2 protein chains.
Amino acid sequence: MAELNERSQKILEAIVKDYIASAEPVGSRAISRRHHFNLSPASVRNVMADLEEMGLLCSPHTSAGRIPTEKGFQYYIDSLLQIRDLSDKEKKQLRSSYRFSGMKMEDIMQEVGRILSGLSKYAGLVMVPKFATTVFRQIEFVRLSHGRLLVIYVSETGLVQNKVISATADIDQRELEKISNYLNRELNGLTINQVREKLKKEMQDEMTLYDQLRKRALSLSFAALQDEIEDQLYVTGTSLMLEQPEFSSPDQMRRLIQTFESKKILIDLLDRSQSAQGVQIFIGSEVDLKGCSLISANFSNRKGAIGALGVVGPMRMDYSQVVPIVDFTAQLVSRVLDREAE
Amino acid sequence: MAELNERSQKILEAIVKDYIASAEPVGSRAISRRHHFNLSPASVRNVMADLEEMGLLCSPHTSAGRIPTEKGFQYYIDSLLQIRDLSDKEKKQLRSSYRFSGMKMEDIMQEVGRILSGLSKYAGLVMVPKFATTVFRQIEFVRLSHGRLLVIYVSETGLVQNKVISATADIDQRELEKISNYLNRELNGLTINQVREKLKKEMQDEMTLYDQLRKRALSLSFAALQDEIEDQLYVTGTSLMLEQPEFSSPDQMRRLIQTFESKKILIDLLDRSQSAQGVQIFIGSEVDLKGCSLISANFSNRKGAIGALGVVGPMRMDYSQVVPIVDFTAQLVSRVLDREAE
DNA sequence: ATTAGCACTCGAGCTGGTTGAGTGCTAACA
DNA sequence: TGTTAGCACTCAACCAGCTCGAGTGCTAAT
């Protein structure tokens, strides 16, 4: 991106801010009046023309003002945006809105989403820790019917997953207990991925296994863990998005709701943000959310269980407001998870 | 409801059917032409005026045709609607779209919702069996951190619920195992409600209890089961509803989405339908869904686990089409649950 | 380099006219 | 007496034309 001189920057910033506030095209006159750089509308217009040339602004039609393009927002966020920190008072307030004691994982995540969307007035997303990266704690088998077993496994953080598998032979509950005892001893403290690795390796030595119990245990737990467990995503406050003027037309509403309904797009996005540290901002068509941005952050605990949360709002959302909220919430959740796992 | 003579009935039926097909006010001319009762538009008009008088029809404005009121739909459904049965071919087709083998409960429910909304082109609802009425199968405890326990309980049907409780004293995993063994033996085969009853009674004799283990077991499981477990609701295909012309205005869309988002209204409705047998139809403002109807049916298995499923569509939906689908799906799900629990 | 001035553009909103579907009423008819 | 043809009336939807005002781009003066 070519450098902008200071005046251009100031004007771009002013336009973006005004547009964020009003959701309407902003004109040269408004800029020269509302912001106190002593410039006539004409001069502002010249600068605006340059900015349009560079692809940072565009005008919906001849006699309307300018609105920032995606690229314009990008520039604003990269170079101009100053994130204010939350004041201690705000932090305290935020902290006190979260009351997680005695809640199980799912409920915590849902509650975080609710609060996130409540504070931001946009849609809140929370993706539950990817099970694969969490630490194994316990496995249990329940016999459902002939040959059909329910496997329940629990992570260090108290996340529960369950799955139905079918065993070749019928196994009674007593033996299942023995098997789970054995597995709990063997696999304790490993991440699910490590568990998978270990099982795979041991399975290869299967030929040499005379120990029936162990053999069964291996094949059962292998079946239980073999396919990827999909991430769980909690979406809250979609209807808040519909209040935004940019989604006021039926068509745009439909598109938006469809996007939120499929969840896949959102999961992909949050997955992408998983690798990075701190707050990330995805803008507009960079993601498959036309006209939207996603502000996301990861959370984790000492042991490494990783999830992501964020806020989806219109591209024109108030980043300086929402970014610190997302950031602090992620930290808060991380701390809670640590406490849970202690 | 006053009786209608045959001609009025025929005309009402024709109007409702045409309106269902077109979503537009239907006029006297159209009725007299499209349906072959040999009546002039003028005569039809007279009847229509009567029907309007009785509150079965209304006209959006003077020079538009008539549309059925809620009461009109009610009458149509109660007296005029003929539910055709599914042909064997359709049944077979429906049956084959459901593939549940090796799925766990949650996934089955989600899949049912998806198919339901796919077939009806409206929103599909599935409410997972109320846990309280299901049969207890197994309970497990996992120690999370000092004094915090994760309880997992499984129903006969393989439904898994979990919850965090805090114990007064720290209990190690070995003792937890003993406790769960004890409880599994004691409580096997009872419904959750029966379990609650039993625990309550035994707790009252607590004074006389010298058996530490038993004492602990009782208090733990009591804590685990004490509050109501909320029903889980799966909603699919909301965006399909947005395609319907009656929800084409931004305002109506917003209202609709808000309704679906809160879920509470829907749960209440399905709860209400729980008591009844067979397919039920709720219309419009009778429920809190303005302009919508809900077609619902219960499912259960021999052991009595009860849930409900249904389709929410515009009031003007094709009942003769959707009712049999809902009906048959409920039967299908019941049968699957039986198989699961066998 | 900045700015005042001005012609120009274009959407929003208002008006008035036309069209066509549909009604209610009345009088004639079987 | 029930049915119907005829007719005047109503009203939303559509369209064309109009004005208004916000905002632009360009040019010439400062």
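Letters A, B, ... mirror the listed sequences (proteins, then strands); counts begin at 1. Quick caveat: nothing in here was measured; it's all calculated off a predicted structure.
With sequence neighbours left out, the side-chain hydrogen bond (donor to acceptor under 3.5 Å, both in side chains) criterion links A:K17 to A:E13. With sequence neighbours left out, the side chain to side chain contact (heavy atoms under 4.5 Å, CB included) criterion links A:Q244 to A:Y122, A:E246, A:F247, A:P314, A:R316. In this structure A:D251 satisfies the salt bridge (Lys or Arg N to Asp or Glu O under 4.0 Å) test together with A:R254, sequence neighbours excluded. By the side chain to side chain contact (heavy atoms under 4.5 Å, CB included) test, B:R7 pairs with B:N5, B:I11, B:L39, B:V47, sequence neighbours left out. A:S40 pairs by the side chain to side chain contact (heavy atoms under 4.5 Å, CB included) definition with A:A42, A:S43, not counting sequence neighbours. Residues forming a side-chain hydrogen bond (donor to acceptor under 3.5 Å, both in side chains) with A:T69 (at least two apart in sequence, or on another chain): none. Here B:S79 pairs with B:Y75 under the side chain to side chain contact (heavy atoms under 4.5 Å, CB included) rule; sequence neighbours left out.
With rounding to whole Å, B:R29 atom CZ is found 12 Å from D:dA5 atom P. As rounded to whole Å, 15 Å separates atom C1' of D:dC26 from atom CG of A:D50. As rounded to whole Å, 15 Å separates atom C1' of C:dG11 from atom CD1 of A:I67. One atom, CZ of B:R33, and another, P of D:dT4, lie 16 Å apart when rounded to the nearest Å. One interatomic measurement links the two molecules: CE of A:M48 to C1' of D:dA22, which rounds to 12 Å at whole-angstrom precision. At whole-Å resolution of the value, CD1 in B:I15 and C1' in C:dT23 are 13 Å apart. Here the P atom of nucleotide D:dA12 and the CD atom of B:E24 are 15 Å apart, to the nearest Å. In this structure, A:L57 places its CG atom 14 Å from C1' of D:dT24, rounding to the nearest Å.
Note on the helix from C:dA1-D:dT30 to C:dA30-D:dT1: terminal axis deviation equals 20°, with five pairs used at each end and the result rounded to 10°.
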Pairs: protein N or O with nucleotides 14-21 of chain D N or O, under 3.5 Å:
none

For nucleotides 3-7 of chain C, tabulate all protein N/O to nucleotide N/O atom pairs closer than 3.5 Å, reporting atom names and distance.
residue, atom, partner, partner atom, Å
C:dT3, OP2, A:S40, N, 3.2
C:dT3, OP2, A:S43, OG, 2.6

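Both B:H61 and A:R66 sit near DNA chain D, but only B:H61 has its closest nucleotide nearer the 5' end.
Shown here is B:Q93, whose CD atom has no more than 12 heavy atoms of other residues, nucleotides or ligands within 6.0 Å.
Dashed line: the shortest gap from a side-chain N or O of A:R7 to OP1 or OP2 of C:dT2 is under 4.0 Å. At the phosphate of D:dC11, OP1 or OP2 sits under 4.0 Å from a side-chain N or O atom of B:T62.
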Distance-only criterion, 3.5 Å: show the donor-acceptor pairs between side-chain atoms of residues 19-28 of chain B and protein atoms not counting sequence neighbours.
residue, atom, partner, partner atom, Å
B:S22, OG, B:D18, O, 3.1
B:S22, OG, B:E24, N, 3.1
B:S22, OG, B:E24, O, 3.4
B:S28, OG, B:R45, NH1, 3.2

Give every donor-acceptor pair under 3.5 Å between a side-chain atom in residues 49-64 of chain A and any protein atom, sequence neighbours left out.
residue, atom, partner, partner atom, Å
A:E52, OE1, A:R66, NE, 2.6
A:E52, OE1, A:R66, NH2, 2.8
A:H61, ND1, A:S63, N, 3.4

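Which of D:dC11, C:dT23, C:dT9 sits closest to the side chain of B:S28 comes down to C:dT23.
Of all heavy-atom pairs between A:T236 and A:G113, the closest is OG1-C, 3.3 Å. Between A:L309 and A:A330, the closest heavy-atom pair is CD2-CA, 4.1 Å.
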